[in-house]
Participant: 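Just passing along the structure, written as C-alpha cells.
All values reported here derive from a predicted model rather than from experimental measurement.
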Amino acid sequence: MSASDILNFQRVGDDTITGGQPTEPDLRAVAQEGYEVVINLATIDPRYSLPDEGGLAQELGLAYHHIPVEWRHPKPADYDAFAALMAGLLGRRVLVHCAANYRATAFYSLYALQALGWTEEQAAGFRANIWLPGQYPVWDDFIAAQTRRIVAAH
C-alpha cells in the first residue's frame with residue numbers, strides 16, 4: 001500500500017498530498033510515509049466515511065482536523081477555517097482529503113493562490129486534474145467568488 005493509492009490522489013509537493021476518502025490501509029500508508037496531519041473536508045456519511053477516522057488517525061500518530069464542508073453549500077467560512085489551519089501547518093506533512101478530492105483540490109488551490117504565490121492559472125490547472133468545467137455550478141460559483149476575494153485582498 002502507498003499513499004498514492006488513495007482515490008484521485010494528487011501530490012502537491014514534498015509536504016502536501018490531496019485525495020478522496022482514504023481507506024484504513026491508505027491512512028496507515030500515509031502515516032508510514034511520514035505524513036503528520038490529516039485534514040478531512042467531507043461531511044460524515046456512513047456510505048463513504050471510515051467508522052472513526054479521527055480515532056484511527058490518532059492511533060497512527062496523525063493529527064486530525066475535520067472541517068465538514070457541505071457539498072451543496074460550501075461557505076466562505078469553511079474556506080477561511082481551512083486557510084487558517086493550513087497557515088499553522090507550514091513545514092508539516094499534510095494529507096487534505098474529502099470524499100473524492102473535489103473539495104480538497106478546490107480549497108487547496110484557493111489556499112495556494114492566497115498564501116503560496118500560485119497564479120490563477122496554476123490554481124485552475126491543479127483543479128483541472130480532478131474537475132471538469134461546468135460539472136458542478138455551485139462549486140464553479142464558489143471558486144470564482146473566493147478567487148475574486150483573494151485577488152482583491154492582494
Side-chain angles (χ1 to χ4, degrees), residues 3-4 6-23 26-27 30 35-58 62-154:
S4 64
I6 295 171
L7 173 70
N8 288 334
F9 173 88
Q10 287 204 103
R11 181 173 305 284
V12 181
D14 292 338
D15 292 336
T16 307
I17 56 177
T18 68
Q21 176 62 56
T23 63
D26 292 338
L27 272 187
V30 165
Y35 287 87
E36 304 164 90
V37 181
V38 174
I39 301 172
N40 179 0
L41 299 177
T43 55
I44 301 301
D45 183 330
R47 295 173 296 169
Y48 311 112
S49 305
L50 291 173
D52 181 13
E53 183 173 325
L56 176 60
Q58 188 174 20
L62 299 164
Y64 180 79
H65 302 275
H66 186 211
I67 302 170
V69 179
E70 290 182 49
W71 177 251
R72 290 186 172 89
H73 304 288
K75 298 176 188 74
D78 297 331
Y79 169 73
D80 292 342
F82 172 78
L85 177 58
M86 287 297 294
L89 296 174
L90 291 176
R92 302 207 43 210
R93 299 192 76 207
V94 179
L95 161 64
V96 181
H97 85 81
C98 56
N101 203 9
Y102 286 86
R103 285 169 274 218
T105 56
F107 276 37
Y108 190 84
S109 68
L110 291 167
Y111 173 73
L113 176 66
Q114 178 180 349
L116 303 179
W118 283 18
T119 64
E120 290 182 58
E121 292 75 22
Q122 285 173 300
F126 181 70
R127 287 188 304 272
N129 292 320
I130 302 294
W131 292 85
L132 296 174
Q135 188 176 19
Y136 301 106
V138 70
W139 279 90
D140 291 339
D141 294 346
F142 176 80
I143 291 166
Q146 294 309 300
T147 298
R148 286 191 300 275
R149 185 172 75 132
I150 290 165
V151 169
H154 282 143

Participant: Check step by step if side chain to side chain contact (heavy atoms under 4.5 Å, CB included) holds for F9 and I17.
Facilitator: CA-CA 7 Å; F9 173 88; I17 56 177; 3.7 Å; yes
Participant: List the atom pairs, with distances to 0.1 Å, where a side-chain N or O of residues 130-137 and a protein N or O form a donor-acceptor pair under 3.5 Å, not counting sequence neighbours.
Facilitator:
{"unit_1": "W131", "atom_1": "NE1", "unit_2": "Y102", "atom_2": "O", "d": "3.3"}
{"unit_1": "W131", "atom_1": "NE1", "unit_2": "T105", "atom_2": "OG1", "d": "2.9"}
{"unit_1": "Q135", "atom_1": "OE1", "unit_2": "L132", "atom_2": "N", "d": "3.1"}

Participant: When rounded to the nearest 0.5 angstrom, what distance separates CG in N101 from CZ in R127?
Facilitator: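 Interatomic distance, N101 CG to R127 CZ, rounded to 0.5 Å: 12.5 Å.
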Participant: Between E53 and Q21, do the side chains contain a donor N or O and an acceptor N or O under 3.5 Å apart?
Facilitator: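 Yes, side-chain donor-acceptor contact under 3.5 Å.
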Participant: Just wondering, do L27 and V38 contact through their side chains at under 4.5 Å, heavy atoms?
Facilitator: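 Counting from C-beta outward, V38 and L27 do come under 4.5 Å.
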Participant: Not counting sequence neighbours, list each pair that qualifies as a salt bridge (charged side-chain N to carboxylate O under 4.0 Å, His left out) and has a residue in residues 73-102.
Facilitator: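 Salt bridge (charged side-chain N to carboxylate O under 4.0 Å, His left out) check on residues 73-102 returns E36-R92, E70-K75, D80-R149.
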Participant: Using only atom types and a distance under 3.5 Å, with no angle test, would you say the side chain of N8 pairs donor to acceptor with the backbone of G20?
Facilitator: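 No: the side chain of N8 does not pair with the backbone of G20.
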Participant: Do other residues, nucleotides or ligands put more than 12 heavy atoms under 6.0 Å from the CD atom of Q58?
Facilitator: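 Atom CD in Q58 is not crowded, with 12 or fewer foreign heavy atoms closer than 6.0 Å.
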Participant: For A42 and A99, work out which heavy atoms get closest and say how close.
Facilitator: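 Closest approach of A42 to A99, heavy atoms only: CB-N, 3.7 Å.
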Participant: For residues W118 and F126, establish whether the separation of their ring centroids is below 6.0 Å.
Facilitator: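 Yes.
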Participant: My understanding is that only one of I143, L41, I150 makes a side chain to side chain contact (heavy atoms under 4.5 Å, CB included) with Y79; could you say which?
Facilitator: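 In the set I143, L41, I150, the residue that makes a side chain to side chain contact (heavy atoms under 4.5 Å, CB included) with Y79 is I150.
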Participant: With a 4.5 Å cut-off on side-chain heavy atoms, are F82 and V96 touching?
Facilitator: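 Yes. Closest side-chain heavy atoms under 4.5 Å.
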Participant: Determine whether I6 and L95 make a side-chain contact, defined as any pair of heavy atoms from C-beta on separated by less than 4.5 Å.
Facilitator: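 Side-chain contact under 4.5 Å: yes.
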Participant: Other residues, nucleotides and ligands only: do more than 12 of their heavy atoms fall within 6.0 Å of CG on D14?
Facilitator: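 Counting other residues, nucleotides and ligands, CG of D14 stays at 12 neighbours or fewer.
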Participant: Are any non-hydrogen side-chain atoms of V69 and C98 less than 4.5 angstrom apart?
Facilitator: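 A side-chain contact is absent here, since even the closest heavy-atom pair is not under 4.5 Å.
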Participant: Not counting sequence neighbours, which residues clear side chain to side chain contact (heavy atoms under 4.5 Å, CB included) with R148? List them please.
Facilitator: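 If we apply the side chain to side chain contact (heavy atoms under 4.5 Å, CB included) test to R148, skipping adjacent residues, the hits are A144, A145.
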Participant: Rounded to the nearest 0.5 Å, how far does CG of N40 lie from CD1 of I67?
Facilitator: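 So the gap between those two atoms works out to 9.5 Å.
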Participant: Decide yes or no for F107 and M86: does some side-chain heavy atom of the first lie under 4.5 Å from some side-chain heavy atom of the second?
Facilitator: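 Contact flag for F107/M86 side chains = no.
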Participant: For T23, which residues count as a side-chain hydrogen bond (donor to acceptor under 3.5 Å, both in side chains) partner, sequence neighbours excluded?
Facilitator: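 By the side-chain hydrogen bond (donor to acceptor under 3.5 Å, both in side chains) rule, T23 matches D26.
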Participant: Ignoring hydrogens, what is the shortest heavy-atom contact between A100 and L7? Give both atom names and the distance.
Facilitator: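 Closest approach of A100 to L7, heavy atoms only: CA-CD2, 4.0 Å.
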Participant: Is any side-chain heavy atom of L62 closer than 4.5 Å to a side-chain heavy atom of V37?
Facilitator: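 The answer is no; the side chains never approach within 4.5 Å.
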Participant: For the CH2 atom of W139 and the CZ atom of R103, what is their distance to the nearest 0.5 Å?
Facilitator: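 If I round to the nearest 0.5 Å, the distance is 6.5 Å.
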Participant: Can you check whether T16's main-chain N or O pairs, donor with acceptor, with R11's side chain at less than 3.5 Å?
Facilitator: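 Absent.
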Participant: Where is the tightest heavy-atom contact between A104 and T18, given as atom of each residue plus distance?
Facilitator: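 Answer, listing the atom of A104 first, then T18: CB-CB, 4.3 Å.
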Participant: Could you measure the distance from the OG atom of S109 to the CD atom of Q146? Nearest 0.5 Å is fine.
Facilitator: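 The OG atom of S109 sits 10.5 Å away from the CD atom of Q146.
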Participant: Under a 4.5 Å cut-off applied to non-hydrogen side-chain atoms, are V94 and D15 in contact?
Facilitator: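 Result no, sub-4.5 Å side-chain heavy-atom pair not found.
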Participant: Who pairs with Y48 by side chain to side chain contact (heavy atoms under 4.5 Å, CB included), at least two apart in sequence or on another chain?
Facilitator: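 Side chain to side chain contact (heavy atoms under 4.5 Å, CB included) list for Y48, sorted by chain: D45.
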Participant: Not counting sequence neighbours, list each pair that qualifies as a salt bridge (charged side-chain N to carboxylate O under 4.0 Å, His left out) and has a residue in residues 108-125.
Facilitator: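 Of all non-adjacent pairs touching residues 108-125, none passes salt bridge (charged side-chain N to carboxylate O under 4.0 Å, His left out).
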